[in-house]
Trainee: 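Below: one structure in structure tokens.
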Amino acid sequence: NNVGGRMLFVWADACDAWTIEQRLDLSFIYEGGQSERTKTSLATWEAKDSSLFRFNVRRETNGAEVDAFRGRAMLARDGSGGEANYQAPKAHNVD
């Protein structure tokens, strides 16, 4: 068995927001010679006042997309909670 790969993590100050970019690229070689390559990418943007958060997550195995999540979350102006709006994998809202 053998595992190798790379990881990138970038956290940045983007004026009125914080951004994070993370990438993970792993290669697995199993007993018997089977191999698998997994790539994961994550990008987020968060307003410094915490009122808005955007996210984009993607994972693929051997070149085929396995998972994808994309959307945004907003806090209510009156502090009563908030709502997340997903555009992928399926458009829907979550309180």
Trainee: In Å and rounded to the nearest 0.5 Å, what is the CG to CG distance from N56 to L42?
Mentor: 8.5 Å

Trainee: Grouping I, L, V, M, F, W and Y whenever their side-chain heavy atoms are under 4.5 Å apart, do L26 and M7 come out in a common cluster?
Mentor: yes

Trainee: Mind listing the closest non-hydrogen atom pair of T19 and A14 along with its distance?
Mentor: CG2-CB, 4.0 Å

Trainee: Take a 6.0 Å sphere around CD of E31 and say whether it holds more than 12 heavy atoms from other residues, nucleotides or ligands.
Mentor: no

Trainee: Find the distance between CG (L24) and CZ (R59) and round it off to the nearest 0.5 Å.
Mentor: 10.5 Å

Trainee: Not counting sequence neighbours, list each pair that qualifies as a ring-ring contact (aromatic ring centres under 6.0 Å, His included) and has a residue in residues 60-85.
Mentor: none

Trainee: Scan for salt bridge (Lys or Arg N to Asp or Glu O under 4.0 Å) pairs involving residues 19-29, sequence neighbours excluded, and state none if there are none.
Mentor: R6-D25, E21-R23, D25-R37

Trainee: Which pairs of donor and acceptor atoms, one on a side chain in residues 44-51, lie under 3.5 Å apart (sequence neighbours left out)?
Mentor:
residue: K48; atom: NZ; partner: D13; partner atom: OD1; Å: 2.6
residue: K48; atom: NZ; partner: D13; partner atom: OD2; Å: 3.2
residue: K48; atom: NZ; partner: C15; partner atom: O; Å: 2.9
residue: D49; atom: OD1; partner: S51; partner atom: N; Å: 2.9
residue: D49; atom: OD1; partner: S51; partner atom: OG; Å: 2.6
residue: D49; atom: OD2; partner: S51; partner atom: OG; Å: 3.4

Trainee: Test of understanding: with ring-ring contact (aromatic ring centres under 6.0 Å, His included), list the residues that count as partners of Y86, not counting sequence neighbours.
Mentor: F55, H92

Trainee: Honestly curious: do W18 and F9 fall in one hydrophobic cluster under the side-chain, below-4.5 Å linking rule?
Mentor: yes

Trainee: Quick one: list whatever passes ring-ring contact (aromatic ring centres under 6.0 Å, His included) with F53, sequence neighbours left out.
Mentor: none

Trainee: Quick one: list whatever passes side-chain contact (heavy atoms from CB on, under 4.5 Å) with D78, sequence neighbours left out.
Mentor: A76, S80

Trainee: Return the set of residues passing side chain to side chain donor-acceptor pair (under 3.5 Å) with E65 (not counting sequence neighbours), or none when no residue passes.
Mentor: R58

Trainee: Looking at residues at least two apart in the chain, or sitting in another chain, which of them share a side-chain contact (heavy atoms from CB on, under 4.5 Å) with R72?
Mentor: L52, R54, M74, N85

Trainee: Taking side-chain contact (heavy atoms from CB on, under 4.5 Å) as the definition, give me every residue that meets it alongside E36, ordered by chain and number, with sequence neighbours left out.
Mentor: F28, Y30, T38, T61, N62

